[in-house]
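For the numbers below, each heavy atom of this structure counts, side chains included, while hydrogens, waters and symmetry mates do not. The residues of the chain are indexed from 1 along the displayed sequence. A quick note: this is a predicted structure, and the numbers were derived from the prediction, not measured.
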Amino acid sequence: MRFRSTKYLANGLIVIVAVVAAAGRFGGGHESAHPVSPQPVPFITAAVTRTTPALAADISEKPATRAKSALEVLASKVTRMSDPRALEAAFTSYFAYREAHPGDVKKPYLYYVDYGLASTEPRGYVFDMEQLKVVDGPFTVAHGRGSSKSRNGIPTRFSNAPGSAATSLGLYLAQETYGFSGKSGGVHYTSIGLRLKGLSGDWNDNARARGVVAHGAPYVTHGGAGRSEGCPAMEQGRARDLLPKLANGGMVFLFAPEQSWIKSDPWVASADLGAGDRS
């Protein structure tokens with residue numbers, strides 16, 4: 001009996017050794033000095049890249065890199081800029097905020113206005129920042145009557161103060177739409193409105209309290225724009241088409257070659273634009 005037990009024990013040891021050896025040959029040895037096999041990693045990465053390239057880019061690229069890529073594609077489609085830093089400021093701010101607050105940016109659309117251009121010039125665009133294409137633009141956009149003394153021209157004063165009727169520069173998060181009503185030439189009108197949350201600190205964080213919204217207005221036409229109470233107003237028909245796209249998760253960026261703002265806006269400053277060259 002003792003001999004048979006010893007024999008069975010020896011046979012059992014032989015089986016165990018064989019199993020361990022087989023496991024080593026077929027890559028199952030997770031208790032080795034290299035606890036995680038490197039082979040599956042490239043496969044997983046490749047699968048993500050093939051199926052969701054935009055997601056893979058979001059994970060691997062920094063805001064400045066994504067902004068540079070957007071500039072390379074979209075800059076040639078913008079007919080004129082008041083400052084060579086304008087689009088870079090907009091795109092870097094957009095991607096920096098999106099990286100910091102991915103849950104807020106639910107839509108890929110960016111409404112961009114260059115207030116370094118006159119109100120008679122088309123200065124507004126809506127971009128699709130995932131597909132890197134122009135959804136609409138250029139088109140005319142109003143600025144606040146507190147930002148310029150005359151109806152036409154380039155705004156020179158920007159304010160976040162209640163009652164200023166001035167445009168506020170910087171980055172905004174597009175929130176809900178609502179039924180807007182206003183007055184133009186003493187006549188009441190209605191339009192779609194888009195509420196905005198200012199994200200650039202002291203430069204625009206009073207936007208919602210001030211009632212600064214994007215909306216359609218009859219005083220904005222293809223040939224030029226009148227003045228608003230600080231709102232980046234656009235043509236009525238265009239507002240009906242574009243503002244629902246932006247609502248609840250798109251973004252808005254209002255630019256001007258205003259040095260004090262460029263240096264201190266928290267999102268623009270992340271671009272490290274420097275002094276730049278005026279065009």
Kindly indicate whether the side chain of [X], heavy atoms from C-beta on, has any atom under 4.5 Å from the side chain of [Y].
X      : Y      : value
Pro232 : His143 : no
Val135 : Leu242 : yes
Pro138 : Arg80  : no
Thr140 : His222 : no
Pro63  : Tyr94  : no
Phe127 : Leu74  : yes
Leu173 : His101 : no
Tyr112 : Leu87  : yes

Nearest 0.5 Å, what's the [atom1]-[atom2] distance between [X] and [Y]?
X      : Y      : atom1 : atom2 : result
Asp136 : Met234 : CG    : CE    : 8.0 Å
Tyr172 : Asp205 : OH    : CG    : 9.5 Å
Ser93  : Asp265 : OG    : CG    : 6.0 Å
Gln236 : Thr221 : CD    : OG1   : 12.0 Å
Leu254 : Asn204 : CG    : CG    : 8.0 Å
Glu121 : Ile154 : CD    : CD1   : 7.0 Å

Are [Y] and [X] linked, directly or through intermediate hydrophobic residues, by side-chain heavy-atom contacts shorter than 4.5 Å (ILVMFWY only)?
X      : Y      : answer
Val212 : Leu199 : no
Val126 : Leu71  : yes
Tyr178 : Ile192 : no
Leu243 : Tyr189 : no
Val220 : Phe139 : no

Heavy-atom pair with the smallest gap, counting every atom of [X] and [Y]:
X      : Y      : value
Ser200 : Gly170 : OG-CA, 3.4 Å
Pro257 : Gly116 : CD-CA, 3.6 Å
Ala207 : Gly198 : CB-N, 4.2 Å
Ser159 : Ala161 : OG-N, 3.0 Å
Ala86  : Met81  : CB-SD, 4.0 Å
Ala166 : Arg210 : O-NH2, 2.7 Å

Pair [X]-[Y], side-chain donor/acceptor within less than 3.5 Å:
X      : Y      : answer
Tyr97  : Asp104 : yes
Ser147 : Arg227 : no
Asn160 : Asp202 : no
Glu258 : Ser260 : yes
Ser82  : Asp114 : yes

What verdict does the side-chain contact (heavy atoms from CB on, under 4.5 Å) test give for Met251 and Tyr111, after you've listed the backbone C-alpha separation in whole Å, the side-chain angles of each residue and the deciding distance to 0.1 Å? CA-CA 6 Å; Met251 302 205 79; Tyr111 174 24; over 6 Å; no
Report yes or no: is the cationic atom of Arg66 (NZ for Lys, CZ for Arg) closer than 6.0 Å to the six-membered ring centre of Phe91, at no more than 45° off its axis?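 Cation-pi check for Arg66 and Phe91: fails.
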Using the rule given for side-chain contact (heavy atoms from CB on, under 4.5 Å), can you reason through Phe158 versus Tyr115, listing the C-alpha separation, both sets of side-chain angles and the distance that settles it, and then say yes or no? CA-CA 10 Å; Phe158 305 94; Tyr115 280 124; 4.3 Å; yes
For side-chain contact (heavy atoms from CB on, under 4.5 Å), just list the numbers for Glu99 and Lys62, CA-CA rounded to whole Å, side-chain angles, deciding distance to a tenth of an Å, and then say yes or no. CA-CA 8 Å; Glu99 181 182 63; Lys62 294 298 182 182; 4.1 Å; yes
For Phe253, the option from Leu169, Val113, Val268 that meets side chain to side chain contact (heavy atoms under 4.5 Å, CB included):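 Only match with Phe253 under side chain to side chain contact (heavy atoms under 4.5 Å, CB included): Val268.
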If you measure from the Lys or Arg side-chain nitrogens to the Asp or Glu carboxylate oxygens, is any gap between Arg208 and Glu176 under 4.0 Å?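 Salt bridge flag = yes for Glu176 with Arg208.
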Which of parallel (below 30°), tilted (30 to 60°) and perpendicular (above 60°) describes Phe180 and His215?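 Ring orientation of Phe180 relative to His215: parallel.
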Flag yes if more than 12 heavy atoms outside Lys107 fall under 6.0 Å of its NZ atom; otherwise flag no.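 It does: Lys107 NZ has more than 12 such atoms within range.
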Taking the six-membered ring for Trp, are the ring centroids of Phe255 and Trp261 within less than 6.0 Å of each other?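 Yes, the ring of Phe255 comes within the 6.0 Å limit of the ring of Trp261, centre to centre.
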Residue pair Trp267, Thr92: steps toward the side-chain contact (heavy atoms from CB on, under 4.5 Å) verdict: CA-CA 8 Å; Trp267 304 106; Thr92 303; over 6 Å; no
